[in-house]
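Reminder, nothing fancy here: chain letters follow the sequence lines and each chain counts from 1. Please read all numbers here as calculations on a predicted model, not as lab measurements. Just the heavy atoms: all of them, side chains too, but no hydrogens, waters or symmetry mates, feed the values below.
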Amino acid sequence: MNMTRLKVTFSMLMKEFYRNKAVMFFVLLFPILLMVLFGFIFSDQDEVQYILPIQNMDGGSHSWNFTQTLNDTGLFEIRLVDTDLDPYDYLLQQKTNTILVIPHGYQAEMDQIIIQRFIMGQPNNDTANLTLIIDPASTAAMVKTQMLDSLVGAINKGMAGVPDVIGMDIETTVSDQFKAIDFFAPGIIAMSVMTTALFGTVGMNTELRQKGILRKLATTPLTRAEWLVTNVLYQFVMGGLSTISIIIVGMILFGLQPQINLFLPLFIILNVFAFSGIGMLITRFVKDAESAQAAANAVMFPMMFLSGTFFPLEQMPDFLQTIAGFLPLYYVNEGLRSAMINPDMGVMAFNALVIGVVGIVMFILGILLTSWKDE
Amino acid sequence: MPKPAIQVRDLVKKYGDLSAVNCISFDVQRGQVFSFLGPNGAGKTTTVEMIETIRTPTSGHIDILGMELKKNRSSVLKRIGVLPQDFNSFDRLTVRETVKFFSGLFNGIRDVDELIKLVNLEDERDKLYMNLSGGLKQRVGIAVALVNDPEIVFLDEPTTGLDPRARHDVWDVIKGLKQRGKTVFLTTHYMEEAEVLSDYLAIISKGSIIAEGAPLELIDKHCNTIKMTIRGGPAEIENVVRERGLTLEDAANGDVTVQIEDNAQILDLLNLLKSRNLSYHSLDIRKATLEEVFLTLTGESLTGELAEEEPSTGELAEEEPSTDEQAGGMPLTGAPLTDNQATVEEPLTPGGDVQ
C-alpha cells in the first residue's frame with residue numbers, strides 16, 4: 001500500500017466526481033428526492049405502531065390505567081390476550097415476539113407501595129412488577145423493550161412527585177415522539193448508501209474496463225489492492241454525502257430528530273464495505289456493462305423491499321421476514337434504526353457485527369478474486 | 001554487445017484450443033524502433049500485452065532490460081511506458097491533470113509541462129479529455145506513456161482510427177522518441193507506418209512470425225522489383241513493352257505499369273519510346289513496398305484457405321477489438337490490391353467488419 005498513490009488516485013476520483021453532474025445527482029439529489037417523496041406519502045400516518053399483546057391477569061383499575069396509558073402514547077397497537085392462555089404458548093402460536101403480562105396481585109402490591117410511601121411515609125424500594133416476555137432473537141422485541149422501559153421509567157418518575165397515578169401526562173414526559181419519518185429516514189439512508197456503493201462500484205469499474213482504462217492502470221505501479229481501497233474510500237465519501245443530505249432535508253422538512261452517535265458513521269462505513277465488495281464481485285463475473293447493471297439491480301431490489309426499509313418487517317408475512325434475515329441490508333436497517341432512534345448497545349453491536357463480517361468477507365473476496373488482467 | 005532491450009523466447013498464448021500466439025521468439029535491440037506488423041487478429045496485441053504484463057503467457061520466456069519478466073514485474077513496470085490499444089482516460093480530467101495523475105502514480109519523475117510540450121498539446125492543456133479529438137487523445141496517451149521517462153515505450157496501434165494529418169503528428173512524436181534514444185515497440189497494421197518508422201520489423205500472421213528484418217532488407221529479399229507506371233500515353237506503349245520482353249503488370253486508361261528488374265531497363269525503355277515519338281504525361285517509378293512483401297509472403301495461402309478458417313480468425317479478432325478500418329490511411333488489409341488479389345480483402349479483415 002503506497003500512500004502517495006492512494007492520495008493521487010483518490011483526489012483524481014474526487015475531481016471527476018465534482019465535474020460529473022449525473023453522479024452528483026445520484027449521490028446528492030436522488031436520496032433527497034426519495035426522502036421528500038416518502039416523507040409526504042407517510043406524513044398522514046405520523047406514528048409507527050408496534051404491536052404489543054398484553055395479558056392482564058390482575059384486572060384491577062391500576063392495571064387498566066397502565067394499559068390505557070400505553071395505548072394513549074400511540075406507540076403501540078395494544079392487543080388484549082385472554083387470561084386463560086399460557087403466555088409462552090401465545091408467543092409460539094401467534095408467532096409474535098413480545099407479550100406483556102400484568103401479574104395477578106399487581107393492584108394490591110401497587111396499593112401497598114403507595115400507602116407505605118405516601119400515606120405512612122415509609123420509604124422503601126419495593127416495586128409492583130410487570131413481566132415482559134420477549135423473543136430474544138427479535139430486534140423488534142428489543143425496540144419494544146426499550147420503549148416500554150423508558151415509558152415505565154417515565155411513569156415512575158411521575159409517581160414520585162405526584163401521589164395520584166391516574167391521569168398522568170405521558171406526552172410531556174416522553175420527549176421523543178416516534179414518528180414515521182424517524183422510522184424510514186434510517187431506511188432511506190441505508191438504501192441510498194447501498195445503491196451508491198453498489199452502482200458506483202459496478203458503474204465505475206465496468207466503464208473503466210470497457211474504455212481500457214483499467215488496462216492502462218495495470219501497466220502503472222498502482223496495484224489492484226490500492227485501486228480497490230481507493231474505490232472504497234471514494235464510496236465512503238459518496239455514502240457520507242448521501243447521509244448528510246438526507247438528514248439535513250429530513251430535519252428541515254419533516255422535523256427528523258436523529259440521535260447522532262458513533263454507530264451512525266460505523267453503519268455507513270460497513271454498508272459501503274459490504275456493497276462495494278458485492279459490486280466488485282459482480283464486475284468480476286459479469287463483464288459487460290449492461291449485464292452488470294442488471295445484476296446490480298437484481299441485488300438491489302430485494303434488499304430495497306424486503307429488508308424493512310420503508311415498513312416495519314413486523315407488518316410483512318412470515319416467510320418474507322425469514323428471507324429478510326438473509327439480506328445484509330436488513331442488518332444495516334436494524335442497526336441504523338437503533339442508532340438513530342433509541343440507541344441500544346446490544347442491538348447496534350449485534351447488527352454491526354453481522355454486517356461487518358459480511359462487509360469484510362465481500363471486500364476480501366473482491367480483492368482476491370479480481371485482477372487487473374482481463375482474461 | 002549490450003543485452004537486447006527485449007528478448008522473447010518460445011512465447012505461446014492459448015485460449016482453450018485456440019493458439020493466439022504460436023511459439024514466437026524475437027529480440028528488440030536498444031534504441032531501435034521495432035515494429036510488429038500484421039493484420040487484425042494476427043496476435044500482435046496479445047503478444048505485446050504479454051510483454052506489458054497485462055496478459056499471462058501460456059508458456060515461454062520474456063526478458064526485459066535483462067530482467068526476467070515473471071519475477072520482476074514491478075521493477076519492469078517502472079522502466080517501461082505503455083500506450084495500450086484504444087487508449088482512453090478519465091473523461092473529466094484536463095490534459096494536464098491526466099498527465100499529472102499518471103505521473104503521480106510513478107512518483108512524478110518527469111516534468112508534466114515538459115511532457116505536454118513534447119507531444120504538442122500546450123494549447124489543449126486545460127481542456128477536458130472528453131472534449132479532445134481522437135488524434136489529441138492519442139497524444140495524451142503518448143505523454144502518459146512517458147511520465148516515468150521509460151527506457152522502452154510500447155505503442156499498440158497508436159494511429160488506428162486517426163485521420164492522415166493526426167497520424168503524421170503521431171509519427172513525428174515517435175521519431176522524436178527515437179532521437180532521444182528510447183527503444184520503441186510499435187504494433188501496427190499500417191504498412192506505410194512500419195516502413196516509415198521502423199529500424200527493424202517482424203511480420204506476424206496467424207500467431208507466428210513469418211519474416212523479420214530491416215524494412216529495406218525485407219523488400220530486397222522478398223520483392224526485389226521496381227515498378228514503373230507510364231501515365232497518359234497512347235495504347236502503342238503496351239506493344240513496345242511487350243516487344244522489349246518486359247513484364248506488363250497492368251494497363252488501363254492509358255496508364256501502363258511495368259515490372260523492372262534492372263535499372264538499365266528503365267533508360268532503355270524510355271529511349272525507345274522517345275525514338276518512336278511516343279509521348280506520355282508523366283512517369284512514376286517506385287520500389288516495392290512492405291505491402292507487396294506481405295502479399296508475397298502470405299498471398300498464396302491467403303486466397304483460398306483463409307475463407308475456410310474465417311471463424312477461428314474471427315474469434316481471434318475479438319481479442320483485439322474495435323479497429324477502425326474505415327478511418328482512411330493505408331491499412332494493410334484494405335490496401336489497393338490488384339484485381340486477382342482483391343478477393344483476399346474480405347477474409348483478411350474479420351475484425352474490421354465488427355465495427
*Please state whether the side chain, the backbone, both or neither of B/Thr94 comes within less than 4.5 Å of a heavy atom of chain A.*
both
*Side chain, backbone, both or neither: which part of A/Thr4 has a heavy atom under 4.5 Å from chain B?*
side chain
_Within the structure provided, determine whether B/Phe90 and A/Leu208 are in side-chain contact (heavy-atom separation under 4.5 Å)._
yes
*Determine, for B/Phe102 and A/Lys216, whether the Lys NZ or Arg CZ falls below 6.0 Å from the six-membered ring centre while staying within 45 degrees of the axis.*
yes
_Top contributor to chain B contacts, counting heavy-atom pairs under 4.5 Å, from A/Glu207, A/Glu16, A/Arg5_ = A/Glu16
*Is it true that B/Asp91 and A/Arg19 have a side-chain N and a carboxylate O under 4.0 angstrom from each other?*
no
*Under 4.5 Å between any side-chain heavy atoms of B/Glu97 and A/Met12, yes or no?*
no
_Value rounded to 0.5 Å, distance of CD1 in A/Ile213 from CG in B/Asp86_ = 12.0 Å
*asked:* Take a 6.0 Å sphere around NZ of B/Lys182 and say whether it holds more than 12 heavy atoms from other residues, nucleotides or ligands.
replied: yes
*Checking A/Thr223 against chain B: side chain, backbone, both or neither under 4.5 Å from a heavy atom?*
neither
_Between A/Thr220 and B/Leu77, is there a side-chain heavy-atom distance shorter than 4.5 Å?_
no
*Could you go step by step and tell me if A/Thr9 and B/Phe101 meet the side-chain contact (heavy atoms from CB on, under 4.5 Å) rule?*
CA-CA 7 Å; A/Thr9 313; B/Phe101 163 63; 3.8 Å; yes
*Under 6.0 Å from the CE atom of A/Met251, do we count more than 12 heavy atoms belonging to anything else shown?*
no
*Nearest 0.5 Å, what's the CZ-CG distance between B/Arg92 and A/Asn20?*
3.5 Å
*If you count heavy-atom pairs under 4.5 Å between each of B/Val82, B/Ile80, B/Leu83, B/Leu105 and chain A, which one has the most?*
B/Leu105
_Looking only at heavy atoms and a cut-off of under 4.5 Å, which of B/Ser74, B/Ser89, B/Gly81 has the most pairs with chain A?_
B/Ser89
*Which bit of B/Val76 comes within less than 4.5 Å of chain A, counting heavy atoms only: side chain, backbone, both or neither?*
neither
*Decide if atom NZ of A/Lys211 counts as having more than 12 heavy atoms of other residues, nucleotides or ligands within a radius under 6.0 Å.*
yes
_Part of A/Leu6 lying under 4.5 Å from any heavy atom of chain B_ = neither
*Are the charged groups of A/Arg215 and B/Glu49 less than 4.0 angstrom apart, N to O?*
yes
*Near A/Phe285 CZ, under 6.0 Å, is it more than 12 heavy atoms from other residues, nucleotides or ligands?*
yes
